[in-house]
Amino acid sequence: MGTVIDARGLTHEYPDGTTALRNVDLTIEQGERVAVVGANGSGKSTLQLALGGLVDPTDGTVEYFGDTTDAEAVRDRLGVLLQDPEDYLFNPTVREDIEYGPAQLGMDRETATRRIERIASTLGLADLLDRPPFRLSGGEKQRAAVASVLAFAPDVLLLDEPFGAVDAYYRTRILDLITDHDGTLLFFTPSFDAVPAVAERVVVLGQGGSIVADGAVRDVLTDRALLTDNGLQPPVTVQLFEGLLDAEDVPLTVDEARRYLQERLD
Amino acid sequence: MTGVVARSVESIASALRQFFTAEHVAARDGFLQRRDPRVTLLAVGGLALAVMMTRTLAVTLLFGLVTVVLARLSAVPLRRLLARSAVVPLASAVIVLPQAVLLPGETLVSVFGFGVTDAGIAYVVLFTARVGVGVALLSLIVLTTPFSAVLAAMRRLRVPVALVWVFAVTYRYLFLFFNEMRRLVLARNSRTTGADGVREGWRDARRLSGTFLLRTLNRGERVGRGMRARGGARPPSPYGQQRAVDAGDYALAAVAVAALVISGVVRWGL
């Protein structure tokens with residue numbers, strides 16, 4: 001175990017005066033799976049960009065792997081998926097877009113081809129590789145963007161709303177790829193749908209761009225007051241069972257709820 | 001921006017997007033597709049240079065014929081090649097058209113009191129033909145070779161990194177630029193009745209041009225981040241395509257050298 005990302009006093013103010021982040025301290029250990037949740041405009045995307053070394057914070061520092069504050073020096077270890085898939089699709093074909101990262105970051109072609117074929121097959125992109133990206137549907141673009149980040153096998157994934165316009169089937173496939181990821185995960189999302197499946201720790205950003213809670217998934221997801229105060233809603237299963245069960249027994253997912261009900265019915 | 005202006009913008013954007021993305025021709029089995037991209041780049045680029053050097057219509061037309069033959073051998077539909085290559089020469093023809101009356105020579109016909117001279121007409125025709133054939137040749141490279149292979153070939157040919165970078169970024173951003181334009185027009189049209197005339201269309205176009213500039217700047221910044229997130233701050237290093245140089249490559253190179261020599265000899269003599 002070691003520290004993968006260590007952000008200290010991170011503050012970011014946009015040129016129009018909007019403060020998106022305010023004095024954020026966040027330490028991510030190797031292998032941790034962390035969901036960063038917050039309402040719209042709470043600064044999730046800015047935090048992701050700052051942690052990914054894609055915007056320079058107005059104040060504060062980010063140290064990577066206990067070694068450097070230069071994100072470019074560790075670029076091949078950071079897989080940053082931006083919110084809008086269009087930002088990743090700028091080549092004449094989908095294949096060239098997915099190959100872009102592995103080629104730029106020095107992965108040998110054979111390994112890259114193997115990985116791309118596997119990921120493309122999982123995400124239903126195999127038949128779309130030679131198509132121009134602009135001909136893809138919204139969900140296909142999202143899948144291509146996810147593939148383009150996973151293709152170079154980064155140690156740390158920083159994913160901003162990775163499901164986008166993806167349908168239920170491919171949402172599950174993306175979820176499988178994320179949960180199979182053998183490294184550190186930071187998952188930025190405005191909803192809790194996938195949080196229990198992918199994360200063990202939840203960081204909540206408040207409207208002022210500062211961290212208002214940081215704890216275990218169950219502790220955060222069952223704290224209705226904390227969530228509603230910050231423009232969020234507990235998962236639907238928590239809403240259904242709260243008041244009926246103790247917080248430690250409340251099912252966090254539909255599967256858990258079904259199992260609970262099945263046991264009672266049996 | 002509905003009506004004529006919107007349709008024009010959409011048609012131009014659509015045509016230009018086709019120009020930048022007609023990659024599936026590159027996947028066909030053809031003469032240029034089988035060449036080492038470095039040879040294609042040098043030889044077809046050499047042919048284009050030969051066209052630019054010439055000042056003789058017959059030689060220009062001869063190179064035009066070579067372009068058509070290369071296109072046929074490479075399974076490139078001539079209609080598509082023509083569509084991709086027509087915009088630039090037509091625009092350049094408009095620009096040099098005044099030369100038809102400005103250049104001294106024998107007056108062929110008088111238009112609004114201005115004499116159109118034989119030398120002027122010859123200049124406009126030759127200039128337009130040279131631009132047309134040159135652009136068609138460069139289009140052949142892009143049509144028959146994947147973009148990443150063109151970049152990789154440039155790197156292997158030791159073209160300065162800054163130049164490759166500028167080429168790569170320009171090509172990609174032009175594509176995004178036209179995509180953004182199309183999105184803006186669609187968003188505008190979805191909230192208008194479509195009953196506007198040309199005058200209203202132009203008025204809206206003026207208003208939207210500012211928005212378009214801001215949107216393209218914003219998109220450019222975000223795409224820049226998307227590139228950096230995947231190593232875009234490093235020099236371009238695509239995988240490309242490397243093939244063994246064979247007889248076909250030598251033949252193509254020989255044609256290019258011959259073209260340069262012929263063009264040089266015809267222009268400057270031995």
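Naming convention: chains lettered A, B, ... in sequence-line order (proteins, then strands); numbering from 1 in each chain.
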Can you find a heavy atom in the side chain of [X] that is under 4.5 Å from one in the side chain of [Y]?
X: Glu99(A); Y: Pro238(B); value: no
X: Val55(A); Y: Arg225(B); value: yes
X: Ser148(A); Y: Arg230(B); value: yes
X: Arg219(B); Y: Phe90(A); value: no

Rounded distance [0.5 Å steps], [atom1] in [X] versus [atom2] in [Y]:
X: Tyr88(A); Y: Met227(B); atom1: OH; atom2: CE; answer: 12.0 Å
X: Arg75(A); Y: Arg228(B); atom1: CZ; atom2: CZ; answer: 6.5 Å
X: Glu221(B); Y: Asp87(A); atom1: CD; atom2: CG; answer: 10.0 Å
X: Tyr239(B); Y: Thr113(A); atom1: OH; atom2: OG1; answer: 7.0 Å

Does the Gln104(A) side chain pair with the main chain of Ser237(B), one donor and one acceptor, at a distance under 3.5 Å?
yes

Within 6.0 Å of [atom1] in [X], more than 12 heavy atoms from elsewhere:
X: Arg72(B); atom1: CZ; answer: no
X: Asp56(A); atom1: CG; answer: no
X: Asp180(A); atom1: CG; answer: yes
X: Tyr14(A); atom1: OH; answer: yes

I'd like to know which of Gly52(A), Pro102(A), Gly79(A) tops the heavy-atom pair count under 4.5 Å against chain B.
Pro102(A)

If we define contacts as heavy-atom pairs under 4.5 Å, which of Leu89(A), Leu78(A), Val149(A), Leu49(A) has the most with chain B?
Leu49(A)

Tell me the closest heavy-atom pair linking Gly226(B) and Leu82(A), and the distance in Å.
N-CD1, 3.7 Å

Find the one option among Ala229(B), Pro235(B), Pro236(B) whose heavy-atom pairs under 4.5 Å with chain A are most numerous.
Ala229(B)

Between Arg183(B) and Glu86(A), does at least one N-O distance fall below 4.0 Å, as a salt bridge requires?
yes

